[in-house]
Amino acid sequence: MKYIKQSVLLLASTIVLMSFSDHDKDKRVKKDQSEIKTLTKKHWSNGAQLVISVSMQFETGGQPEGAESPFSGTSLPKGQPDLPAESWYRYGGNEGIYRMLDLWKKYDIKVTSHVVGTAAEKYPEVAKAIANGGHEIAAHGFTWDNQWNKNYADELNFVKQGVDVVEKITGQKAVGYNCNWLRRSPNTLKVLQDLGFLYHIDDLSHDEPFITKVKGKNFVVIPYTLRNNDIVNIEGKHWSPDQFLNQLKFEFDRLYEEGASKRRMMSISFHDRIGGTPAMVHAMEEFIKYTKEKRGVVFMRKDDIAKMVMNDPDTPIDNNEEKFNK
């Protein structure tokens with residue numbers, strides 16, 4: 001009888017323990033499901049955790065006399081051709097763009113190329129190669145010239161000239177714009193809207209695309225970068241390619257982590273004669289491999305980003321420049 005009672009007590013204890021165990025298991029499952037739901041909430045409509053967009057500036061042949069170069073510190077007298085500096089620019093059309101195109105093709109990445117009109121005129125085969133690779137042809141002015149000092153009519157004509165000449169060569173009409181050194185005028189966004197543009201990049205204020213109102217209508221801003229920019233860091237600060245790679249990795253790690261709880265975009269800027277050098281392309285390839293270790297990383301053209309966020313209710317609106325855009 002004693003043993004029967006002990007057996008009954010043991011069985012009852014086991015049932016109670018199993019009940020607690022099942023209860024704890026249910027709590028753990030619900031907690032895990034909640035965490036998974038939080039981690040997998042998508043802030044981009046395509047399901048990305050981080051969108052990366054590369055700008056590949058094509059400027060070779062569009063530069064003015066005396067344009068900045070590795071030799072700018074000892075500029076020659078006006079009217080005297082700086083032949084080594086001109087050869088440095090030609091590198092972009094001869095080597096740089098093609099080397100970058102090979103890299104994008106290898107990893108099936110599509111980029112946005114802001115093309116100066118006169119660069120396309122002087123190197124039509126390069127402009128066509130960019131377009132034929134499935135990359136976005138965006139506008140970068142007719143020549144490498146300022147816009148901040150132009151009146152509305154002159155600025156509109158300047159932008160339209162660049163768009164028309166590049167469209168004639170490549171078959172693509174630009175819907176995105178980048179001013180020379182980002183220095184736009186108070187009229188630039190109104191000019192772009194009147195010419196049918198969808199977005200511009202001359203803004204550094206966010207780490208995600210946003211909407212601004214231009215004459216009461218939505219206009220997309222795809223923020224540019226100085227932090228991940230070869231002309232700023234490689235030429236301007238004389239970084240080595242491995243320093244640039246480290247910068248990209250640090251930026252990527254932080255934005256990817258933030259991308260779990262908010263919409264994040266990473267912008268990278270390469271210029272034909274700088275980003276297209278062997279060491280810089282090698283650094284970029286190492287970065288691409290690094291990004292592939294994470295899920296939910298998507299490389300996108302800027303026009304595709306703009307179309308995706310234009311009517312998305314989650315896209316923030318920033319009218320900080322409203323007084324210029326009425």
Side-chain angles (χ1 to χ4, degrees), residues 34-56 108-114 134-139 172-179 182 184 188-228 251-269 291 294-326:
S34 175
E35 288 178 351
I36 289 170
K37 186 176 180 181
T38 300
L39 289 171
T40 57
K41 181 180 178 182
K42 304 304 181 185
H43 301 280
W44 290 92
S45 60
N46 63 354
Q49 181 162 328
L50 178 64
V51 166
I52 301 175
S53 189
V54 179
S55 295
M56 181 177 69
D108 193 25
I109 289 172
K110 304 304 178 187
V111 305
T112 292
S113 186
H114 290 89
H135 306 290
E136 177 193 1
I137 298 292
Q172 279 195 42
K173 184 174 183 179
V175 297
Y177 200 77
N178 174 214
C179 286
L182 285 73
R184 49 197 165 89
T188 300
L189 297 195
K190 289 177 284 190
V191 165
L192 297 179
Q193 189 184 73
D194 288 346
L195 289 173
F197 280 83
L198 179 63
Y199 75 90
H200 83 106
I201 70 169
D202 301 320
D203 189 287
L204 306 167
S205 65
H206 291 260
D207 285 320
E208 65 175 312
F210 62 93
I211 298 291
T212 192
K213 298 288 184 178
V214 179
K215 294 194 286 188
K217 297 179 181 178
N218 284 358
F219 196 80
V220 180
V221 183
I222 309 289
Y224 195 49
T225 179
L226 298 182
R227 303 186 302 268
N228 309 316
E251 184 101 350
F252 172 83
D253 287 346
R254 176 60 60 181
L255 290 175
Y256 184 82
E257 180 180 334
E258 292 178 2
S261 59
K262 63 181 75 173
R263 185 182 290 175
R264 300 283 82 178
M265 185 194 82
M266 180 176 178
S267 178
I268 301 171
S269 178
T291 67
K294 302 286 188 180
R295 293 181 179 178
V297 179
V298 181
F299 285 81
M300 293 183 67
R301 296 169 26 152
K302 290 177 173 60
D303 57 342
D304 290 333
I305 295 173
K307 291 170 187 174
M308 186 166 64
V309 305
M310 170 66 93
N311 298 308
D312 187 336
D314 291 332
T315 302
I317 296 175
D318 183 342
N319 285 321
N320 193 56
E321 297 179 355
E322 182 179 13
K323 64 182 180 181
F324 303 120
N325 297 327
K326 292 180 179 179

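In this structure, the side-chain hydrogen bond (donor to acceptor under 3.5 Å, both in side chains) partners of N218, at least two apart in sequence or on a different chain, are K213. Partners of E208 according to the side chain to side chain contact (heavy atoms under 4.5 Å, CB included) rule, which considers only residues two or more places apart in sequence or in another chain, are R263, R264, P316. Every side chain to side chain contact (heavy atoms under 4.5 Å, CB included) that E257 has, sequence neighbours left out, goes to R254. Evaluation of the ring-ring contact (aromatic ring centres under 6.0 Å, His included) rule for Y199 yields no partner, not counting sequence neighbours. Under the side-chain hydrogen bond (donor to acceptor under 3.5 Å, both in side chains) criterion, E321 pairs with R184, not counting sequence neighbours. Every salt bridge (charged side-chain N to carboxylate O under 4.0 Å, His left out) that K215 has, sequence neighbours left out, goes to D194. The side chain to side chain contact (heavy atoms under 4.5 Å, CB included) search around L204 returns L182, Y224, L226, not counting sequence neighbours. Scanning for side chain to side chain contact (heavy atoms under 4.5 Å, CB included) contacts around K110 gives D108, H135, R301, with sequence neighbours left out. For the side-chain hydrogen bond (donor to acceptor under 3.5 Å, both in side chains) test, no residue two or more places apart in sequence or in another chain qualifies with N320. For F299, there are no ring-ring contact (aromatic ring centres under 6.0 Å, His included) partners at least two apart in sequence or on another chain. Applying the ring-ring contact (aromatic ring centres under 6.0 Å, His included) rule to F219 yields no partners; only residues at least two apart in sequence or on another chain are considered. D318 pairs by the side-chain hydrogen bond (donor to acceptor under 3.5 Å, both in side chains) definition with H206, not counting sequence neighbours.
Side chain to side chain, S55 and K302 meet the donor-acceptor criterion of an N or O pair below 3.5 Å.
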Task: Worked check of side chain to side chain contact (heavy atoms under 4.5 Å, CB included) between D314 and H43 - done: CA-CA 8 Å; D314 291 332; H43 301 280; over 6 Å; no
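Side-chain atoms of V298 and L50, non-hydrogen and from C-beta on, never get closer than 4.5 Å to each other. Side chains of V309 and W44 form a contact here, defined as non-hydrogen atoms less than 4.5 Å apart.
No donor-acceptor pair under 3.5 Å is formed between the side chain of Q49 and the backbone N or O of R295. T112 places no side-chain N or O within 3.5 Å of a backbone atom of E136 that could act as its donor or acceptor partner.
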